[in-house]
Amino acid sequence: MLALIPLFPFIGFLVNATMGRRLSKGLSGAVACAAMIASFAVAVMGVLEIAGMPADARVIEQTVYTWIASGDLSLDMTFRLDPLGAVMVLVITGIGSLIHIYSTAYMHDEVDSEFARYFSYLNLFAAFMLVLVLGGNFVVMFVGWEGVGLCSYLLIGFWFRKQSASDAGKKAFVVNRIGDYAFVLGMLFLFTQFGTLDFARLASIASTMPVEEGVFGAISIATLMLFIGATGKSAQIPLYTWLPDAMEGPTPVSALIHAATMVTAGVYMIGRNAVLFSHAPETLFIVAVIGAATALMAGTIGLVQNDIKRVLAYSTVSQLGLMFLAMGVGAFGAGIFHLYTHAFFKALLFLGSGAVIHALHGEQDIRNMGGLKKGLPVTYWTFLIGALAIAGVPFLAGFFSKDEILYETFHEGHTLLWLVGAITSFLTATYMFRLVFLTFHGERRHDALASEPSHPSDSAPSHHLHDAPPAMALALIVLAVGSVLAGYIGVPHALGGHNQLAAWLAPSFQAGAAVPEVGGAEALSDAEAALELTLMGVSSAIAISGILLAAFVWVKRRSIADAMARRFSGLHRLLLNKYYVDEVYDAAVVNPVHVMSREALWRGFDVQVVDGAVNGAAAIVSAGSGILRRLQTGSVRTYASSMFVGVIVILGYYLWR
Amino acid sequence: MLTLSWLLPLAGALAVMFVPNADGRRDGVIRWLSLVTAIGTFAVTLAIWGGFDPDSAAFQFVERVPWIPAFGIDYFIGVDGISLLLVVLTGFLTPIALLSSWGSIERKVKEFSIFMLALEAAMIGVFVSLDLFLFYVFWDAMLIPMYFLIGIWGYDQRVYAAVKFMLYTMAGSVLMLIAILGLAYLHSSATGVYSFDLLKLYALDIAPQTQTWFFLAFTLAFAIKVPLFPFHTWLPDAHVQAPTAGSVILAGVLLKMGTYGLLRFSFPLFPEAATYFAPWLAVLAVIGIVYGALVAMVQPDMKKLVAYSSVSHLGFVVLGICAMNVQGVQGAIYQMLAHGVSTGGLFLMVGMLSDRRHTRLIADFGGLKAVVPKLTAAFLIITLASIGLPGLNGFIGEFLILLGAFRWDPRFAVVAGLGVILSAVYMLWMVQRVYYGPVTHAENATLRDLVPREWVSVVALCGIALVMGIAPMLFLRPMEASVDALIQRVQTAQTLRVKDDGRQKSKVKSQRSENTSEPLDHTFDF
Amino acid sequence: MIPLSHYLIVSAILFAIGTAGVFLRRNLITILLSIEIMLNAVNLTFIAFARQHGSVDGQIIVFFVMTVAAAEAAVGLAIVIGLFRHRESLNPDAFTLLKW
Amino acid sequence: MPETLIFYLLSGLAIVTSALVIGQRNPMYSVMLLIASFGALAGLYVTLDAPFVAVAQIIIYAGAIMVLFLFVVMLLNAPQEDAAEWDRTHPLRQPGVGRFGALLALLLVVQLSWALLRTGSVEVPVAGAVDAETISSVRAVGRTLFTDYVFAFEATSILILVAMVGAVVLAHREGEER
Amino acid sequence: MFNSSFDAVVPMVCVTLAALAVMGAEAFRSRGESLPVGGLGIVGLAGAAMSSVLLWNRNAASFGVIVADNFALFVTITLVLVGILTIMFSSPVVKRDGLPKGEYYTLILFSVAGMIMMASANDLLVIFIALEILSIAVYVLTGIRRDDPRATEAAFKYFLLGAFSSAFFLYGIAFTYGLAGTTRLDRIGAFLAAQSMSDNRLILVALGLLLVGFAFKISAVPFHMWTPDAYEGAPAIVTGFMSTGVKAAAFAAFARVFLSAFEPFSGEWAPVVWWLAAATMILGTVVGVAQSNLKRMLAYSSIAHGGYLLVGLVAANQVGKAAILFYLLAYAVTNLAAFGVIAMLGTKDAANDELRDYAGLWHARPALAGLMTVCLLSLGGLPPTVGFIGKWYIFSAAVGAGYYGLAIIGVLTSVISVFFYLRVVVMMYMSDRPATAVCPPVSTVGMVALVASIVVILALGILPTPVLTLAAESIATIF
């Protein structure tokens, strides 16, 4: 039954891939959506089933067949649904379905075959993503892991005629590959250490081992490797650079892959191996630091970007940073919680931006927008909700999750990290509302310059704005509702909630059938409750102030922004160019390798040395031939003397040796 | 049955030879005749696979007929799990190669078909022969048709490439011939009779120094064939200049003979020397992986790029063999098959492009995806297969090899892993430059997409790639027993030697003293 | 009595003179004569040894050698005539069409 | 002692005349001198109790073969070596090669005499145990020739036949094709 | 019929009679009429082959100087094969070039008779006479095209150096006779066996001089220099004849003398022959690389092949002796076929034996090109041709005797040789036919002979066992 969950989208993929160009748009769209919804349904059934089980045994497992068996290595194609998996599956299929529906409208300007191709990719992605989260051991997970990478490659490069698009696609895949390299090594290391790659068994073995406090032992190395893999997939320092470029893809893709699901795979992976990681505090600390650093850096960059999608992309990076921070401080539940809420509002925001871009015929630069509030009410209001949610305004989804992260961080004693987190959320609020204000408020700037066609979906530019068509509107509204309510399954105890999510997830973070400690039942001491409340206050304050600052700068006094930009032009440029990280990578790694390979290895070693040796041998032979043949002078006397020399030498040898 | 597998193509070649075709009017007949023969051969190989008992490590379908009794040379053939699938692979690729030639070869079709079929016969012969003499005969005989294929139907630099291929390979293999003779002589001095029978020679135990020399002689031959860095420079030339069909066979099957030889001869015959040299071989292999990838990355010519990628991929195979544990060896064999399919496919499709455009330079293409979507899709699939995407054939082999290597010595695995990154870099970069972006050259705008004939072979290749990725046990199962046996042989041999070295020495000495003429190893200082 | 070795040394000297002639002379006929000298030197050796062994074999061998010498001379001179027809010279160095 | 004297006289004569043969520029003289040296050799044969060979030497060699040479010399009428310098560009075509050859010839003499003088078995007097009559008798020669050496004798006939045919093929004039 | 004391000479007598018959026929034929004298020759040769077959395993001996042991008979059959093929290849050439038909065949047959005699002689003197018979015949054949200055020059060089070397050979015989008191090989062997190696330097001198004589005939370096010139100047088919027949006969005698009579001194001559072999293989192949004239190239290749044969001689074990025989046969057939092709492509005025004359031959004469390729591959020692089996046999002998050095030199040089054989193949297959190139019509007889020899090459390459066994038997009785 579990196999069905990824199977449906896969079938959808096959249908669209094979006979897509013969199907009408409506049909292929319908097929794709149907596939997604079907798998959503199955997923719900599965979740309900495990929900019906006792808390410590909430697992369904299905082994399809033995995939690879070689010597003591035996890898089964195993799917396993447990609380953690349940959350992920619901997010993926649910939001996935919405985005599929949204896409039917968004991609409607494509020709049939391209339309079908789009949906086949999208379905394939969903299938792989589901394999990723349902996989019962590392290698199955890796199948999904690589598969989603492939699909993101395909979808980013969907408009392959655009050079930048195909570049971005390649960049995404290659950067991910770097992570995967570490990930594979991690797997190999785990297998050589533990003799298995099954999550459950790994966890139970690891739980019997001592926590590597202060020592950097086997588990630490393995987990570190895995984490590097995660940085690739989830766009963390140092491998985050591909995500902003990934915005070249169609917006729904950005929403689904680069906001809601794929990029969170790294977080999920850590959660999935919570036991391993919690046995490697050293690694965890690194995770936390990297997460925090990424969050901060991305936030600062997001502050000055002008491309609506890039802003969202950087905010995604930054939010992912927060999630890793959570994971790093051991608050796995919180991390997943934020992952879950983030899925809603970030998808919402992306889709909203998509609606805007759609309305403006591909215009993406916020400096050319503004005043769209009236033109696009639905989009505006849903976008606003999303913004509020991500900003962490109280009692929206983002509030609870982000808040839990900050609390846990502080509670675990990482004050500095907490501070970084706080600043990040401040930045988040600021740049999100900068986005909101520049896009929807103020006067309209976009008709001033005719938006040149940068986007195949540019049909005849019509001047009156049309708001999101029903399919898109539906998705927006549903997600907006989600962004408001999603948080309420994780209301912290301090607010008298029961944090059901944490309780629900807990078993996934223990080895085997260990009893959950973070059960919903246990109560907090007053002190903790007080602390948590205080922190909540602080963070909401931060959020609000961030919004206010944004409002002040970008609504009241536009001049200030420019003034600041001029004032700290250096800093501004630095941020605008994302700290020149790409440039540094190119200069430090890519180009040297290229030059070295071309000049030193190929033209130098290969052609000169090796082939030189080979041809040199031939040359020597023919040269010797040229010389020796000269002995054959044609004068019979020379010949006779050569013979005679032979005679003398042989006799001499016999007589005087 | 097994004899049929290599006799059938030979018979086909003869049949073709007697089709009068001076004016080329009967090209069609000849093409069909040869294709049917090749497919028939494939059927035979499949039948052999079907009748193969995966649980036994022994050689099966064994046939033994005395050939040159005076020297204990038999016509002695058989397959085990190691060679079985390689035979099938040969049977599978040859029809595809022939099919690919239908579009590209107009000149001298008859001779072309003859050489292709003869080549197939020789290749299968190499894989099935269990008598070193027989093996060497096939090994050398195989060079001749390949030489003509490259030299006559190749591209502009063909003659140079053909001669280089021939001499390079021969230079390596003649030393192996000496070593083979030496082995037979050792056998005679130990037992009194010459023998080239592989199984008998396995039983022989050989003095360490002698092992070293012979191992080096054998391994040089195989290393050149593989080709192992730094013996690889014949490969780019041969690949680039060969006609499509030639490249497909060359990459698909010929290169495997080197690694097959290592598995079948170098390691089990000279276990100690093998274990002594394995790390060095592995170092070369790992260098080859990274080096091949880096050089491939900067190639302007598609065929050259794929050629260098082969250097890199076969580095993996050698690495797996050197690891000499189950995962390593099984992975190596699996990688051989996978590489045969995927690289064969790549050459096939590059060939299709160059048939259409008469250029292989990446710079001359661009944006083809808009023009030839089918070809693009297929090319992408095979590309992904060759960069080892899970779910396709490449991954299984690489993963197993890396695992085996990691357990043997993590350092090798760590470096070799870089190949995984680099392969993605150069392959995708090529795909991007060739297929994505706007159509840069006008003449590309009108290219023909796959015609049914091409469609068939392409689909076959992609299908196999997929099957091998999803259901690898189909292929891993048959080789299991044989691989275990092989590893057993190598390990036991060396442990035994380590255990009682003294006995060995004395034993060796005694077998020396039996020698009728000179003792065997003073002659090594020529 | 003269020891055998004296005869042998004489024949050796004659033989050497013959070889030297092959190298020194630039006239084909003289070169042929030199070869005849060599053969005669060998004959002397045969006769001397025959005498020492007290058997007639040596003498008989000498007859055969003479025959061979005659045959060689005949053919050789024929060839020389042929050469002379092609190029009015008897100098061996004149004939170097075939080389390298 | 006479025979010693005779030996040295004859061998000296043989050596000197042979040396002169190769010292001559004019082939005519060379032939003559060679005949002389053959005569001297014949004398030596007599001292070695091989009168029959000596006679044969005079008749066949001096008589037949040398006459043949004379014919050719006159036919070709090339009294002098042509001093014309042929292509000497190549180092190995220099006249030095000739002198080098002569040097080697000297070396050969040294080698041979060295070997001879270090070999005990030849230091014995040449006249062995057997007395002269047994080996100098023509009957003995004839008997051995036609018993032990009959095959060689027959073979020689083929040899001469071949030589005849060959000489005819090579030497008969152009144009008179049959 | 075979039981008289003349059995052993029957083969060579058959050939001689055939030669005489040809002479007679020529002498008594009326002007202008042309007789199938070649057929006569073939009949005689067939008779020789038949008688050798009948004599097999009977170790007949005649006059004490001629033995018909299996060794001799094996070589005899090889030589007969050479003779037949030569005559068949010659028939068109003789007509084309207007050679004196009768004399030509007579000389061929006489030299074959001489070769057989040399191969089966048991007496140094007979060996010498036989050597002279075949040499003189071959000198004449070399120069048989009197109108061609090159041919005459070749004949002259070959003759002069031949006479020169035979003088040394004779001197060697003289010393041997002087020491052993006889020229019979068996008695010499007995005498030498009694000698203690070191004291008698004169034996070594004799040994050296005989070595020189044989080395010249098999054109071993440095006694090889006549070979390229003689081979290039002679008519192609004659070159084929002497490169195979003369070599075979000389090697037979060489092996017989050094492996039977001088066996006790093998310790003395083995090292020298080692060096000769190495030098011969290396120089032959290396210089062959630079040649642009096919005949000259094949001349160098035949020098190299002499080197391989010497390897077998050095090894001097059972395998080696048998290997020499097998290799002689293999080499004879292959090389003769190759020269047959060259002869077929020549015309009266143009020999067409330059490498460039073969450009694109494939397009004009596919069959000829294919057959030539097989010959070249066999010469290069690639399976599945007889050349491969031969080389493998030789080298296994060397390895068996522990001469790894020689074996390695051998295989490496054979790789180099493959390079220049391939140059011909490249010319024939991979370059275009110049418009000016002429293709003389192919004669049926020649084609038959060619196809026959190719069949032999391939058949023996795939199923060598019968011949290998024969070779083994041949050396089993003697040595």
Side-chain angles (χ1 to χ4, degrees), chain A residues 17 21 65-73 113 117 128 139 142-147 149-150 153-154 157 160-163 165-167 169-170 173-174 176-178 180-182 184-185 187-189 191-192 593-599 601-602 605-607 609-611 613-615 617-618, chain B residues 164 167-168 229-234 236-237 291 294-295 297-299 308 325-327 330-331 367 369-370 373 377 380 384 387 389-391 395-396 399-400 402-403 406-407 410 413-414 417-418 420-421 423-425 428-429 431-432 435-439 470-473 476-477 480 483-484:
Chain A
R21 63 172 52 73
Y65 69 105
T66 300
W67 185 30
I68 308 173
S70 162
D72 54 352
L73 169 75
S113 62
R117 185 161 67 87
F128 275 126
V139 182
F142 189 67
V143 173
W145 188 270
E146 286 277 302
L150 165 67
Y153 162 75
L154 292 170
F160 57 86
R161 288 178 187 77
K162 253 169 77 187
Q163 192 59 41
S166 57
D167 284 342
K170 183 175 117 264
F173 196 93
V174 170
N176 269 301
R177 262 287 163 131
I178 298 173
D180 302 343
Y181 162 60
V184 171
L185 288 183
M187 286 200 289
L188 299 181
F189 196 75
F191 185 76
T192 40
V593 167
H594 263 266
V595 174
M596 196 258 298
S597 311
R598 178 178 290 102
E599 302 307 331
L601 291 187
W602 178 35
F605 187 77
D606 214 50
V607 176
V609 179
V610 181
D611 236 8
V614 174
N615 299 334
Chain B
K164 191 176 183 181
L167 294 184
Y168 218 132
F229 174 92
F231 306 109
H232 62 279
T233 49
W234 65 270
D237 293 305
Y291 177 89
L294 287 177
V295 177
M297 186 165 62
V298 295
Q299 294 303 323
Y308 276 107
N325 49 31
V326 183
Q327 286 87 13
Q330 276 197 316
K369 193 180 203 301
L380 194 62
L384 295 169
I387 67 178
L389 193 85
F395 171 71
I396 313 289
F399 181 73
L400 287 176
L402 284 175
L403 184 55
F406 197 94
R407 302 181 115 186
V414 170
L418 294 173
V420 178
I421 302 176
S423 64
V425 176
L428 290 182
W429 196 33
V431 170
Q432 180 196 4
Y435 293 98
Y436 291 172
V439 179
I470 292 171
M473 287 319 289
L476 285 171
R477 181 83 182 78
E480 208 166 0
V483 169
D484 289 340

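Computation of the quantities below employed the complete heavy-atom set of this structure, encompassing side-chain atoms and omitting hydrogens, waters and symmetry-equivalent molecules. The chains referred to below are lettered A, B, ... by the order of the sequence lines, with proteins before strands, and numbering in each begins at 1.
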Asker: Heavy atoms only: give me the nearest L476(B)-A69(A) pair and the separation to one decimal.
Answerer: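 Smallest heavy-atom distance, with atoms named: CD1-O, 4.2 Å.
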Asker: What residue, out of L380(B), L418(B), T233(B), V439(B), has the most heavy-atom pairs lying under 4.5 Å from chain A?
Answerer: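 That would be T233(B).
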Asker: So which of K170(A), E146(A), R117(A) has the largest heavy-atom pair count under 4.5 angstrom toward chain B?
Answerer: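 The candidate making the most pairs under 4.5 Å is K170(A).
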Asker: Taking side chain as everything from C-beta outward and backbone as N, CA, C, O, which of these in V139(A) sits under 4.5 Å from a heavy atom of chain B? Side chain, backbone, both or neither.
Answerer: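 Interface part for V139(A): side chain.
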Asker: Could you check whether F399(B) and F142(A) have their ring centres less than 6.0 Å apart?
Answerer: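 No; F399(B) has its ring centre 6.0 Å or more from that of F142(A).
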Asker: Minimum heavy-atom separation for G71(A) to E480(B), with atom names?
Answerer: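 Minimum heavy-atom contact is N-OE2, 4.5 Å.
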Asker: Report which part of D237(B) has an atom under 4.5 Å of a heavy atom belonging to chain A: side chain, backbone, both, or neither.
Answerer: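 Only the side chain of D237(B) comes within 4.5 Å of chain A.
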Asker: Chain B: which of L185(A), V609(A), T66(A) shares the most heavy-atom pairs with it under 4.5 Å?
Answerer: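 Top count of heavy-atom pairs under 4.5 Å with chain B: L185(A).
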Asker: Would you name the heavy atoms of S166(A) and G437(B) that are closest together and state the gap between them?
Answerer: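 That closest heavy-atom pairing would be OG-N, 4.4 Å.
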Asker: Quick one: which of R477(B), M297(B), K369(B) has the most heavy-atom pairs under 4.5 Å with chain A, could you say?
Answerer: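 Winner by heavy-atom pair count: K369(B).
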Asker: Which bit of W429(B) is near chain A, if near means a heavy-atom gap under 4.5 Å: side chain, backbone, both or neither?
Answerer: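 It is both, since atoms from each part get that close.
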Asker: Enter the distance from I68(A):CD1 to I396(B):CD1 here, rounded to the nearest 0.5 Å.
Answerer: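 Atom-to-atom, I68(A):CD1 and I396(B):CD1 are 3.5 Å apart.
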Asker: Would you find a donor on one side and an acceptor on the other, under 3.5 Å apart, between the side chain of Y181(A) and the backbone of V414(B)?
Answerer: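 Yes, because the side chain of Y181(A) sits within donor-acceptor range (under 3.5 Å) of the backbone of V414(B).
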Asker: Does any heavy atom of chain A fall under 4.5 Å from the side chain of L428(B), the backbone, both, or neither of them?
Answerer: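 When you check distances to chain A, atoms from both the backbone and side chain of L428(B) fall under 4.5 Å.
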Asker: Please state whether the rings of F406(B) and F189(A) are parallel, tilted or perpendicular, taking 30° and 60° as the class boundaries.
Answerer: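 Because their plane-to-plane angle is over 60°, the rings of F406(B) and F189(A) count as perpendicular.
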Asker: Does any part of the side chain of H232(B), heavy atoms only, come nearer than 4.5 Å to the side chain of D606(A), both counted from C-beta?
Answerer: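 Touching, per the 4.5 Å side-chain cut-off.
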Asker: Tell me, do F173(A) and L389(B) make a side-chain contact under 4.5 Å, heavy atoms counted?
Answerer: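 In short, these two side chains touch, coming nearer than 4.5 Å.
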Asker: Sort Y168(B) into side chain, backbone, both or neither according to what part of it lies under 4.5 angstrom from a heavy atom of chain A.
Answerer: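 Side chain only.
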Asker: So which of V143(A), T192(A), D611(A) has the largest heavy-atom pair count under 4.5 angstrom toward chain B?
Answerer: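 The candidate making the most pairs under 4.5 Å is D611(A).
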Asker: Please flag which part of L73(A) lies under 4.5 Å from any non-hydrogen atom of chain B: side chain, backbone, both or neither.
Answerer: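 Contact with chain B involves both backbone and side-chain atoms of L73(A).
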Asker: Need one label for L403(B): side chain, backbone, both or neither, based on atoms under 4.5 Å from any heavy atom in chain A.
Answerer: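 Both backbone and side chain of L403(B) come within 4.5 Å of chain A.
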Asker: Hey, does the side chain of Q327(B) reach the backbone of S70(A) with a donor-acceptor pair shorter than 3.5 angstrom?
Answerer: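 Yes, because the side chain of Q327(B) sits within donor-acceptor range (under 3.5 Å) of the backbone of S70(A).
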Asker: Where on N615(A) is there a heavy atom nearer than 4.5 Å to chain B: the side chain, the backbone, both, or neither?
Answerer: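 The answer is the side chain of N615(A).
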Asker: Heavy-atom distance under 4.5 Å to chain B: side chain of Y153(A), backbone, both or neither?
Answerer: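 Contact with chain B: side chain only.
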Asker: Does W67(A) use its side chain to pair, donor to acceptor, with the backbone of I470(B) at less than 3.5 Å?
Answerer: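 Yes, W67(A) side chain to I470(B) backbone: donor-acceptor pair under 3.5 Å.
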Asker: Just wondering, do L384(B) and L150(A) contact through their side chains at under 4.5 Å, heavy atoms?
Answerer: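 SC-SC contact between L150(A) and L384(B) confirmed.
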Asker: Less than 4.5 Å to any heavy atom of chain A: does that hold for the side chain of P373(B), its backbone, both, or neither?
Answerer: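 For P373(B), side-chain heavy atoms alone lie under 4.5 Å from chain A.
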Asker: With sequence neighbours left out, what residues match D72(A) under salt bridge (charged side-chain N to carboxylate O under 4.0 Å, His left out)?
Answerer: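 D72(A) satisfies salt bridge (charged side-chain N to carboxylate O under 4.0 Å, His left out) with R407(B) once adjacent residues are dropped.
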Asker: Check each atom of V614(A) against the heavy atoms of chain B and say whether the ones under 4.5 Å are side chain, backbone, both or neither.
Answerer: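 The side chain, not the backbone.
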Asker: Taking only residues two or more places apart in sequence or in another chain, which ones pass side chain to side chain contact (heavy atoms under 4.5 Å, CB included) with S423(B)?
Answerer: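 With sequence neighbours excluded, S423(B) shows a side chain to side chain contact (heavy atoms under 4.5 Å, CB included) to R177(A), I387(B), Y426(B), given in chain and number order.
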